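Comments concern the structure below.
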Amino acid sequence: MQKNLVIVESPAKAKTIEGYLGKDFIVKSSFGHVRDLPSKDISIDIENDFKPKYVVPKDKKKLVDELRKIADKAETIWLATDEDREGEAISWHLMEALELSEDKVKRIVFHEITKTAILKAIETPRKVDINLVNAQQARRVLDRLVGYEMSPILWRKVKPSLSAGRVQSVAVRIIAEREQEIRSFTPKASFRVIGYFVNNEGKKIKAELDRKFDKWELADELLKKTVDSKFDVSSVESKPAKKSPVAPFTTSTLQQEASRKLGYSVAQTMTLAQKLYESGKITYMRTDSVNLSDLAMNEAENVITKSYGAEYAKRRKYTTKSKGAQEAHEAIRPVDLSEKDVNIDDGRTARLYDLIWKRTIASQMADAQLERTTLKISGNNIERVFVAKGEVIKFDGFLHVYLEGKDDAEEENEGRLPDLKVGDAMNADEINAIERFSHHPPRYTEASLVKKMEELGIGRPSTYAPTISTIQKRGYIEKKSTEGRKQKYRFGSMKDHSTSWIDKEENTGAEKNKLFPTDIGVVVNDFLVEHFKRILDYNFTADVEKQFDEIAEGEKVWFKMLNEFYKPFHADVENTMENSEKATGQRNLGIDPKTQKPILARIGRYGPMIQIGESTDEEKPKFASLREGQTIQDITLEEAIKLFDLPRVLGTFEDKDVIAAIGRFGPYVKVKSTFVSIKKDSELTPEEITLEQAMELYRNKLEEDKKKLISEFEEDATLKVLNGRYGPFIKFGKKNIRIPKGQEAEKLTYEDCVKIIKAAPEPKRKKK
DNA sequence: CAGTGAGCGAGCTTCCGCTTGACTT
């Protein structure tokens with residue numbers, strides 16, 4: 001048995017480190033936190049200095065037992081968890097859970113996984129920093145209090161199963177408020193004037209007037225003046241400029257760039273990066289640091305010098321700008337920078353690696369040297385000038401490898417401008433005045449939301465992706481694409497000494513994979529902002545982070561800080577629970593022409609819906625859920641009334657009604673007790689489908705089901721062996737049970753199946 | 001929860017941050 005046990009957080013890290021240390025060392029992983037507050041209740045003794053009740057979660061028990069056994073036999077236990085608040089807490093929890101005595105424990109830290117860094121760490125051990133641990137406890141307890149006291153208010157006042165929290169609720173607010181801005185935005189029209197000029201030698205140049213007109217009359221006036229204006233080049237100015245590379249990737253910038261350049265979702269990027277990490281191709285992918293190890297910088301210099309020449313190399317150290325960065329790791333970079341391509345079958349993973357390689361290499365390369373030229377053309381009877389801007393690359397530097405993508409379209413820059421001199425006479429081939437409209441602020445993408453969250457200091461590299469998926473799962477926001485709309489605009493032209501105006505049309509405003517708030521998101525956000533201003537404040541996290549830092553410095557007692565926070569917060573909780581109205585987002589659409597009853601749009605037990613009549617009426621009100629794409633804010637009376645056309649009875653089959661409707665999973669027909677989906681591409685709709693068409697869908701479905709059937713049994717009609725997406729399985733009532741390895745599905749007898757069912761573990765509850 | 005939305009009332013839902021497999025019909 002080894003004398004030394006080293007515990008790190010990640011198993012991949014453990015494997016690497018084990019190679020660096022001698023055989024006296026065994027390196028194990030804690031797989032993250034080993035203790036936490038149980039999820040069933042709040043588990044904090046508020047009266048007693050906010051004492052948390054920690055437990056070892058079920059799925060960690062085996063691991064903790066194993067670690068304890070090894071620790072008992074070891075002479076020294078080296079706690080090598082990350083050097084940040086959470087890492088320090090993991091070390092402390094390990095001491096508690098493994099019952100380690102302080103004299104056997106040494107706490108070590110390193111920011112990069114290199115042999116020198118680790119050996120140096122071993123030489124300079126310290127003790128677990130209890131102040132830092134307490135800062136983490138304060139963070140943990142505050143989040144639990146906020147989440148577990150606010151969420152039940154939503155269950156009561158809005159809808160069951162909703163959630164609220166320090167991070168997710170602010171993320172939803174960002175999306176909801178952007179949508180509000182967009183709604184109240186009115187586009188402003190203005191006219192851009194663009195001239196196409198040519199000199200005697202036939203050299204052509206495009207230049208834009210240095211002002212825009214907000215009135216048509218002014219644009220028209222200018223165009224008319226250009227009819228007999230004489231133009232010449234009035235100035236040419238060139239000056240050198242440079243561009244510098246951006247820092248290596250952090251989690252957040254990797255997510256943004258993979259979204260812009262490769263179109264990956266935030267979650268996708270993380271899954272692929274995890275694969276690269278586990279196969280030893282890249283460094284740790286959840287990091288807020290832009291730092292590169294000296295080893296990596298040396299290697300980058302070598303690779304660049306060899307591949308592109310020494311003039312392309314430039315060592316650079318970057319410093320992080322993001323709020324609350326804890327920098328426990330390196331930036332995300334290839335482990336071996338000389339490996340330009342990675343040999344992986346999956347193209348998506350390979351493309352992500354390529355991006356990381358280029359970004360890392362470019363970050364250690366020379367500036368690009370440019371020459372920017374501004375050329376002005378004046379007309380003899382025009383006060384304004386036409387301007388052309390050009391850019392020439394003198395030395396490409398880092399641009400040879402990589403250029404960061406942009407979220408919003410930039411002003412276009414021409415390449416090299418034609419060689420023209422001051423005084424050159426120019427002829428106006430054509431001058432156009434084009435009506436343009438200002439754009440509303442863009443909706444967020446997943447990645448730009450992460451960027452915003454990072455700026456506000458809410459969330460951490462390990463939680464960006466899960467948070468975005470949580471607020472989608474709760475139905476607060478959704479990812480959608482909009483088609484855009486037709487936009488008419490005026491187009492004026494001066495050509496051959498006369499001017500003319502025509503109307504043109506373009507498609508504008510189309511957006512792909514943007515985040516929209518749902519009705520529930522809007523209602524919940526309004527409710528929380530009204531009743532919990534402090535928590536929903538964009539600066540709340542930054543404020544409490546400052547106090548966590550004070551706790552970490554030993555300047556503040558953690559439970560006193562919590563007490564100051566909790567008193568007013570809990571008062572708000574009680575007050576809101578008792579005194580606030582139910583939040584339904586109710587909108588009165590008008591009167592139903594048929595029944596003369598009011599029609600309301602609001603949020604109900606199961607989401608947004610339309611209600612005809614009041615619940616106090618003698619006759620029960622009628623209800624219908626909103627369809628996809630409809631919102632309480634936008635739905636019209638006509639659209640609302642149409643929702644009550646379904647479900648439709650198409651006719652009968654074997655004495656049972658055949659029904660067409662739209663349900664949770666889209667349009668369907670129901671024949672006897674079988675539901676058949678109406679597929680999107682079938683051109684059938686539940687409003688128009690006939691009995692014959694429905695019966696055909698039904699017969700097709702029965703055919704399909706037959707193909708899936710491997711065997712069924714006389715003994716029990718509810719038990720079947722079927723072929724599914726993941727291979728054969730046993731269906732028993734509503735339960736699906738996998739067939740143990742080594743057994744052939746075709747040969748299973750009824751008795752075999754019963755045996756397998758009995759041996760099968762209880763299915764875990766699915767989280768919805 | 002593929003049909004619901006009042007009422008009866010119990011029992012359930014929920015946070016953030018650290019880590020991977022297990023699991024999916």
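Note that the structure is predicted; figures quoted are calculated from it, not measured. All chains are named by letter (A, B, ...) in the order of the sequence lines, taking the proteins before the strands, and each is independently numbered beginning at 1.
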**Prompt:** Expressed in angstrom and rounded to an integer, what is the separation of A/Arg35 atom CZ from B/dC16 atom C1'?
**Reply:** 17 Å
**Request:** Among the candidates B/dT19, B/dC16, B/dC15, find the nucleotide nearest to the side-chain atoms of A/Ser151.
**Result:** B/dC15
**Request:** Consider the side chain of A/Tyr148, meaning its heavy atoms from C-beta on, and name the nucleotide among B/dC15, B/dG3, B/dT20 that approaches it most closely.
**Result:** B/dC15
**Message:** Which nucleotide wins on minimum distance to the side chain of A/Pro160, given the candidates B/dG3, B/dT13, B/dC15?
**Reply:** B/dT13
**Request:** Check every strand shown and say whether A/Gln136 touches a base, only sugar-phosphate, or nothing at a heavy-atom separation below 4.0 Å.
**Result:** nothing
**Message:** Of the listed nucleotides (B/dT19, B/dC15, B/dG5), which one gets closest to any side-chain atom of A/Phe623?
**Reply:** B/dG5
**Request:** Please determine if A/Arg627 and A/Glu639 form a salt bridge, counting it only when a charged side-chain N lies under 4.0 Å from a carboxylate O.
**Result:** no
**Request:** May I ask you to verify if any side-chain N or O of A/Arg605 is less than 4.0 angstrom from the OP1 or OP2 atom of B/dA6?
**Result:** no
**Item:** Candidates B/dG5, B/dT20, B/dC15 - which lies nearest the side chain of A/Ser625
**Value:** B/dG5
**Item:** Nucleotide B/dG17, atom C1' - distance to CD of A/Gln137 in whole Å
**Value:** 14 Å
**Asked** Does the side chain of A/Gln137 pick up a donor-acceptor pair with the side chain of A/Tyr54 at under 3.5 Å?
**Response** yes
**Message:** Quick one about A/Glu9 and A/Tyr284 (side-chain donor to acceptor, distance below 3.5 Å, no hydrogens or angles considered), yes or no?
**Reply:** no
**Request:** Would you mind classifying the nucleic acid contact of A/Gly87 as base, sugar-phosphate or nothing, using non-hydrogen atoms under 4.0 angstrom?
**Result:** nothing
**Complete:** Taking for A/Gln326 and for A/Leu162 the nucleotide of DNA chain B with the nearest heavy atom, the one nearer the 5' end belongs to A/Leu162
**Sugar-phosphate, base or nothing in reach of A/Ser10, heavy atoms under 4.0 Å** = sugar-phosphate
**Asked** Any side-chain N or O of A/Ser163 less than 4.0 Å from the OP1 or OP2 oxygen of B/dC15?
**Response** yes
**Item:** Within 6.0 Å of CZ in A/Arg68, more than 12 heavy atoms from elsewhere
**Value:** yes
**Item:** Pair A/Lys597 + A/Asp592, salt bridge at N-O below 4.0 Å
**Value:** no
**Item:** A/Arg144 CZ to B/dC15 P, straight-line distance once rounded to whole Å
**Value:** 10 Å
**Prompt:** Quick one: the side chain of A/Arg140 and the base of B/dC15, do they pair up donor-acceptor inside 3.5 Å?
**Reply:** yes
**Message:** Does this structure show an ion pair linking A/Asp288 with A/Arg460, if we count only N-O contacts that are shorter than 4.0 Å?
**Reply:** yes
**Request:** Would you indicate what A/Pro11 reaches in the nucleic acid, counting non-hydrogen atoms under 4.0 angstrom: base, sugar-phosphate, or nothing?
**Result:** sugar-phosphate
**Item:** Under-4.0 Å side-chain N/O to phosphate OP1/OP2 contact, A/Arg648 with B/dG3
**Value:** no
**Item:** Inter-nucleotide C1' distance (B/dC1, B/dC12), Å rounded
**Value:** 14 Å
**Minimum side-chain heavy-atom gap A/Thr287-A/Pro461 below 4.5 Å** = no
**Asked** Rounded to whole angstroms, how far apart are CD1 on A/Ile612 and P on B/dG5?
**Response** 15 Å
**Item:** Closest to side chain of A/Asp82, choosing from B/dT20, B/dC18, B/dG3
**Value:** B/dC18
**Asked** Below 4.0 angstrom from OP1 or OP2 of B/dG17, is there any side-chain N or O of A/Arg166?
**Response** yes
**Prompt:** Taking atom C1' of B/dC16 as reference, at what distance in whole Å does atom CZ of A/Arg85 sit?
**Reply:** 11 Å
**Asked** Can you tell which of B/dC16, B/dG17, B/dG3 lies closest to the side chain of A/Glu86?
**Response** B/dG17
**Request:** Test for a donor-acceptor pair under 3.5 Å between the base of B/dC16 and the side chain of A/Arg139, counting only N and O atoms.
**Result:** yes
**Request:** Would you indicate which nucleotide in B/dT13, B/dT20, B/dG17 comes nearest to any side-chain atom of A/Ser161?
**Result:** B/dT13
**Under-4.0 Å side-chain N/O to phosphate OP1/OP2 contact, A/Lys620 with B/dG5** = yes
**Request:** Please state whether the rings of A/Phe569 and A/Phe565 are parallel, tilted or perpendicular, taking 30° and 60° as the class boundaries.
**Result:** parallel
**Request:** Measure from the ring centre of A/Trp155 to the centre of the six-membered ring in the base of B/dT13, then say whether that distance is under 5.5 Å and the planes meet at under 30°.
**Result:** yes
**Request:** Check every strand shown and say whether A/Lys159 touches a base, only sugar-phosphate, or nothing at a heavy-atom separation below 4.0 Å.
**Result:** nothing
**Whole angstrom value for the distance that separates C1' of B/dG5 from CD1 of A/Ile599** = 16 Å
**Complete:** Considering only heavy side-chain atoms of A/Arg460, the closest of B/dC18, B/dC16, B/dG3 is B/dC18
**Prompt:** Between B/dT4 atom P and A/Leu626 atom CG, what is the distance in whole Å?
**Reply:** 15 Å
**Message:** In whole Å, measure the gap between the C1' atoms of B/dT25 and B/dT13 for me.
**Reply:** 26 Å
**Request:** Check every atom of B/dC16, B/dC15, B/dC1 against the side chain of A/Arg474 and return the nucleotide holding the closest atom.
**Result:** B/dC15
**Asked** Whole Å only: how far is the CZ atom of A/Arg602 from the C1' atom of B/dT4?
**Response** 13 Å
**Asked** Looking across every strand, which nucleic acid part, if any, lies under 4.0 Å from A/Gln611 by heavy atom: base, sugar-phosphate, or nothing?
**Response** nothing
